[in-house]
Amino acid sequence: MSELDAHTLTQVESKDFIRELIERDRASGKHQGRVVTRFPPEPNGYLHIGHSKSICLNFGLAEEYGGRCHLRFDDTNPAAEDLEYVESIQRDVRWLGFDWGEHLYFASDYYERLYQIAERLIRSGDAYVCSLSEAEIREYRGTISEPGRPSPYRDRTVEENLDLFRRMKAGEFADGAHVLRAKIDMAAPNMKLRDPLIYRIRHHAHYRLGDAWCIYPLYDFAHCLSDGIEGVTHSLCTLEFENNRPLYDWFLARSGLSFEGAAPEQTEFARLGLSYTVMSKRKLLRLVQEKHVSGWDDPRMPTIAGLRRRGYTPEAIRNFARRVGVAKNNSLVDFALLEHAVREDLSQRSPRVLCVLQPLKLTITNYPAEKVEELTAPYFPPDVGKPGSRALPFSRELWIEQEDFELTPPKGFRRLSPGASVRLRYAHVITCESVVKDADGNVVEVQARLASPEEAERLEVKGTIHWVSAAHAVSCTVHCYDRLFQVPEPDAGEDVDFLSYLNPQSLETFTGCQLEPAAAREGLTQVQFERHGYFCLDRAWGEEPEAASGELVWNRTVPLKDSWARVSRGAMEAEPPRRRAGQANVRNEGSAQAPSKAASPGAAALALQALHGLTEQEARVISAEPRLGKLLVQLEGLGTSPKLAARWLANDVAALTKVEAGELKFGAAELASLIQLVESGTLTRRLAKDVFAELAQSGEAPEQIVERLGGQLSGDEELIPVVDQVLAKNPEHVSRYRAGNLNLMGAFVGQVMRATGGRANPQRVTELLEQRLKAD
RNA sequence: UCUGGCGUCGUCUAAAGGCAGGACAAGGGACUUUGAAUCCCUGAAUCUAGGUUCGAGUCCUAGCGCCAGAACCA
């Protein structure tokens, strides 16, 4: 906190927990202040919007802290990987606006070094060749609730292991005959530690290295070591790798790799969940393979390629990633947030043009048949404020939108209906005179009369509709996309196939749409069709569009917000309920009174309770931790009342023993004198907590700490100036307090406490503040 | 059941122990030649119960709930 902020109540910009961690590391000089991140996809599928969160995080961090971010392909499974994916991933990352410079890597480039490290592990007795079958390995591993059993091959000699491993590499064995495993702990509660596999035999060509290898390393081994080899400092991954972190550290520690400063550190954050879609590669692959979509770049897919073809911009996606934030909560982000991000961006960059999707003929009866007016219309509305305009031909026969005409208009309808008047966008006001119907009674033509400027003035027209001149319009095809699934979480149900939630209306194709000529003539690729939404030319980024007869094909990126649709549809279709079973936010009332299940205190706790007059809770905490029990006895020996001692031990000291495993830096004597200082009134409880924090750090005598920090401030002559200063610096807060916001008292007290380094007596400060704030 | 992680407006996300804030969504209004955009306003949250503290979303205890983990996948 800077000098400037002292005494002032200001908002500080917040950072996510990863940025905070990095800043701590930089401050402490860990990794010598360097920041090296990496984005490590496996080339076995296309990147999706979830990956973009990770990409923006990793590359963004490198940019912000002057570091670098590597693009590394974690290609350790030759059966799944393919060059097509390597290429698409690079294309997508680049398109998103990130640059890995010369730092393009492949785990497969490290195969030789990884192999050497594996041999090193064997030599140090940390790895062995196991010849159990796949099924046997699974069986020996045990389950979540039962410990595993050691493999009978666990105690092979180093020589035997080395020999076998080399022969594995040489191709002497069939797939599955042997594996190399880390020797850790078959009984570990974290199952990842039950002798995880390091190498397996796979006689399968690798997409880059061909048949050079027939043994391939597994993720837990290859990933951390690749990070280590590249000098990565901060290895960010998603939550599901939390259980793998001990392995990450374990391999790195035994790798023989050296690091400048410190080994890379793995930190996990929540992956992105988006409503109304699926994100797992397996499910996306299924959508593609079973042809529920046209391919990985189908505009309905949440893939980067799909979003690109849909008309999303890199800016919109990066903005979305920023708004979503980074945290550890399992989250499901509302699809509306992504739509908001893309509208926000497109609104600024898209020229407005007119296009009628479902044409209805409109004849202006009092307009000469041969006349053509060249109206001028700006490409952008005034609030966007960009230059540019085009000519818009107007004539007797126009196309208007079918849904802009109603024979019997609902309440609030501002468009055309018999006798009603509307304005034609950028043009004139018309009044509907009559309609022409076909044999079935459908309206096939609307006839209207042009109002003179004076009439138009009088009419007070509320609605404006879009139109195009029939003789000049360009016919085109328009794809309107909607969410791919009908429910927010299509993959939430265990016993329901996510495909059963597919939205049958996710693609609506309109042919014979009528576009104003300038849009086609000037080759616009990303536009707003006024009153419809944002559209882009299909495959504007290369490749041939799925053209119907060589026409222009437009993809709807996102519709405009439509508050009329909301009103007119009204309560007819309620939002489908979220199906997340018993989700995190369900309030669990009634769970309160369930003490029957509460663990009852053990014998030791009961004894403590009886002997020292402690509460059950205090007794439970203190008896559960030997260091606390010992302190309690010693404290009593030093004459501290058991009640006071227990309070300190069960709350403040317990917090410490929870995170500090070893010997405490202080003993009962120091604690006793600290408690004594509070009891005698020398120290407020508030200051005592600060002193305790120091004590825990250094073990220095409390009296000395107090002397160094300065003692408590309770004299009015010392407090009043600070109180007045705080009030003077926050006039707005003072008036808000006086207006009735009494919660602000805490903030004022906090400011005084901060200004005095915690030394003020908060009770006296509160009294003084109340006095001052009551006055005048 | 064990291990690890996580519980803050409907959703996402903030608050060195000191104003529960912001964004999206929702509702209302102003403006409007896009029922758009913009602007303004409103409603809306600390999982529960105890404890420590002048003061708890934050610290301690117990409970409840959700997620991940038993691939020779990553």
Side-chain angles (χ1 to χ4, degrees), chain A residues 1 9 11-12 14 16 40 42 44 74 76-77 80 134 137-138 141-146 148 175-176 179 188-192 194 197 199-202 216 218-219 223 239-243 268 270 275 323-325 327-334 336-337 340 347 352 381 383-384 414 423-427 461 463-464 466 528 530-531 560-565 567 580 582-595 597-599 615 617-618 620-621 647 650-652 654-655 658 684-686 689 733 736 741 743-751 753-754 762-763 765-766:
Chain A
M1 174 127 326
L9 296 160
Q11 295 277 5
V12 232
S14 60
D16 58 71
E42 186 193 9
N44 67 345
D74 258 1
T76 54
N77 184 3
E134 189 174 342
I137 288 177
R138 226 197 315 274
R141 186 152 31 222
T143 66
I144 279 169
S145 43
E146 307 150 29
D175 285 8
V179 293
N190 177 354
M191 297 199 58
K192 297 280 178 197
R194 323 247 258 230
L197 275 59
Y199 269 92
R200 83 293 214 176
I201 302 170
R202 267 293 117 86
Y216 291 92
L218 281 121
Y219 169 83
H223 187 84
L239 253 24
E240 65 269 28
F241 292 98
E242 263 165 341
N243 293 323
E268 310 86 11
S275 60
R323 282 161 183 271
V324 157
K328 296 188 85 151
N329 296 341
N330 280 310
S331 58
L332 184 72
V333 175
D334 194 339
L337 186 63
H340 170 79
S347 171
R352 273 62 172 173
D383 57 300
V384 172
R414 292 195 208 154
R423 181 179 295 279
L424 296 175
R425 180 69 166 157
Y426 303 121
V461 178
T464 300
H466 59 278
Q528 182 194 100
E530 292 207 37
R531 305 211 303 130
L560 254 23
K561 279 177 118 182
D562 187 354
S563 51
W564 168 247
V567 173
R580 199 200 280 205
Q583 54 163 305
N585 300 307
V586 167
R587 300 282 180 268
N588 39 299
E589 331 275 2
S591 63
Q593 273 72 32
K597 272 212 220 157
T615 67
Q617 208 176 92
E618 288 165 349
R620 191 203 301 266
V621 177
R647 216 165 265 182
N651 289 288
D652 308 67
K658 256 167 71 167
T684 59
R685 203 31 235 220
R686 168 70 174 71
K689 286 213 176 194
H733 292 81
R736 269 168 55 204
N741 188 350
N743 285 344
L744 250 25
M745 180 54 78
F748 289 130
V749 176
Q751 281 305 306
M753 297 310 294
R754 194 164 297 189
Q763 275 162 73
V765 168
T766 307

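So that the names make sense, note that chain A is the first sequence line, chain B the second, and so on, each numbered from 1.
In this structure, A:Asn651 atom CG and B:rC60 atom C1' are separated by 5 Å, rounded to whole Å. Residue A:Tyr219 contributes atom OH, which lies 17 Å from atom P of B:rA68 at whole-angstrom precision. Rounded to whole Å, atom P of B:rC67 lies 8 Å from atom CG of A:Asn330. The separation between A:Glu530 atom CD and B:rU34 atom P is 8 Å, rounded to whole Å. If you measure from atom CZ of A:Arg323 to atom C1' of B:rU13, you get 12 Å, rounded to the nearest angstrom.
Looking only at side-chain heavy atoms (C-beta outward), A:Gln528 and A:Leu560 come within less than 4.5 Å of each other. In this structure, the side chains of A:Glu242 and A:Lys328 come closer than 4.5 Å at one or more pairs of heavy atoms. A heavy-atom distance below 4.5 Å is found between the side chains of A:Ile137 and A:Val179. Here the side chains of A:Asn77 and A:Arg200 are in contact, with some heavy-atom distance below 4.5 Å. Put simply, the side chain of A:Arg425 does not reach to within 4.5 Å of the side chain of A:Arg531, judged on heavy atoms.
Here A:Phe241 lies in heavy-atom contact (under 4.0 Å) with a base. Across all strands shown, A:Gln528 has heavy atoms under 4.0 Å from base atoms, whether or not it also approaches the sugar-phosphate. Among the protein residues, A:Val621 comes within range of the sugar-phosphate backbone only, with heavy atoms under 4.0 Å from sugar or phosphate atoms but none that close to a base. Residue A:Glu134 is classed as a base contact, given a heavy-atom separation below 4.0 Å to a base. Among the protein residues, A:Asn743 comes within range of the sugar-phosphate backbone only, with heavy atoms under 4.0 Å from sugar or phosphate atoms but none that close to a base. The residue A:Ile144 sits close to a base: some heavy atom pair falls under 4.0 Å. Residue contacts for A:Val324: at a heavy-atom cut-off of 4.0 Å it reaches the sugar-phosphate backbone alone, with no base atom in range. Looking at heavy-atom distances under 4.0 Å, A:Ala188 makes no contact with the nucleic acid at all. As judged by a 4.0 angstrom heavy-atom cut-off over every strand, A:Met745 is placed among residues making no nucleic acid contact. Counting non-hydrogen atoms under 4.0 angstrom, A:Thr76 reaches the backbone sugars and phosphates but no base. Note on A:Arg141: only backbone sugar-phosphate atoms sit closer than 4.0 angstrom, heavy atoms only; bases stay farther off. If you check every strand for non-hydrogen atoms under 4.0 Å, A:Leu218 touches sugar and phosphate atoms only. A:Arg138 comes within 4.0 angstrom of sugar-phosphate atoms only, judged by non-hydrogen atoms across all strands, and of no base. Using a 4.0 Å heavy-atom cutoff across all strands shown, A:Arg414 reaches at least one base atom of the nucleic acid.
For the P atom pair drawn from B:rG7 and B:rU42, the interatomic distance equals 30 Å after rounding to whole Å. Using P as the reference atom, B:rC72 and B:rG65 are 32 Å apart when rounded to the nearest Å. Nucleotides B:rA74 and B:rA37 place their C1' atoms 44 Å apart, quoted to the nearest Å. Across B:rG22 and B:rU61, the matching P atoms stand 34 Å from one another, rounded to whole Å. Atom name C1', nucleotides B:rA20 and B:rG57: the rounded distance is 8 Å, in whole Å. Comparing the C1' positions of B:rU1 and B:rC54 gives an interatomic distance of 45 Å, to the nearest angstrom. The C1' atoms of B:rC47 and B:rU8 are separated by 10 Å, rounded to the nearest whole Å. Across the C1' atoms, B:rG35 and B:rA16 are found 48 Å apart, a figure rounded to whole Å.
Comparing B:rU3, B:rU34, B:rU61 against the side chain of A:Thr464 picks out B:rU34 as the nearest. Distance from the side chain of A:Val749 is smallest for B:rG18 among the nucleotides B:rU34, B:rG35, B:rG18. Residue A:Asn77 has its side chain nearest to B:rC73 when only B:rC73, B:rG5, B:rU34 are considered. Listed candidates were B:rC2, B:rU13, B:rU33. Nearest to the side chain of A:Ala327 is B:rU13. Checking B:rA14, B:rG10, B:rA37 against every side-chain atom of A:Asp383, the shortest atom distance belongs to B:rA37. Here B:rG69 is the nucleotide among B:rC6, B:rG69, B:rC19 with the atom lying nearest to any side-chain atom of A:Asn243. The side chain of A:Thr766 lies closest to B:rC54 when the candidates are B:rA23, B:rU34, B:rC54. Checking B:rC60, B:rC6, B:rC12 against the side-chain heavy atoms of A:Ala654 singles out B:rC60 as nearest. The side chain of A:Lys689 has B:rA56 as its nearest neighbour among B:rC67, B:rA56, B:rA62. Across B:rA26, B:rC60, B:rC12, the shortest atom-to-atom separation from the side chain of A:Lys658 is found for B:rC60.
Not a single donor-acceptor contact under 3.5 angstrom links the side-chain atoms of A:Arg531 to the base of B:rU34. Residue A:Arg685 places no side-chain atom within donor-acceptor reach of the base of B:rC54, judged by atom type and a 3.5 Å distance cut-off alone. In this model, a side-chain donor or acceptor of A:His733 finds a partner on the base of B:rC19 within 3.5 Å. At a cut-off of 3.5 angstrom, the base of B:rG50 holds at least one donor-acceptor pair with the side chain of A:Gln617.
In this structure, B:rG4 and B:rC67 make a Watson-Crick or G-U wobble pair, each of the two defining distances being under 3.5 angstrom. Across all strands shown, the partner of B:rC24 is B:rG10, judged by Watson-Crick or G-U wobble contacts whose two distances both fall under 3.5 Å. In this structure, B:rA30 forms a base pair with B:rU38, meeting either the Watson-Crick or the G-U wobble geometry with both donor-acceptor distances under 3.5 Å. Under the Watson-Crick or G-U wobble criterion, with both distances below 3.5 Å, B:rA62 is paired with B:rU48. Base pairing of B:rC19 is not made with any nucleotide, judged by Watson-Crick or G-U wobble geometry with both donor-acceptor distances under 3.5 Å.
Atom CG of A:Asn651 is separated from atom NZ of A:Lys689 by 7.0 Å, given to the nearest 0.5 angstrom.
Proximity of A:Lys192 to the phosphate of B:rU3: no side-chain N or O atom is located under 4.0 Å from OP1 or OP2. At B:rU13, one or more side-chain N or O atoms of A:Asn329 fall inside 4.0 Å of OP1 or OP2 (strictly under the cut-off). When the side-chain nitrogen and oxygen atoms of A:Arg200 are compared with OP1 and OP2 of B:rA71, none of them lie within a distance under 4.0 Å. In this model, the phosphate group of B:rA36 is approached by a side-chain N or O of A:Ser563 to a distance below 4.0 Å at OP1 or OP2.
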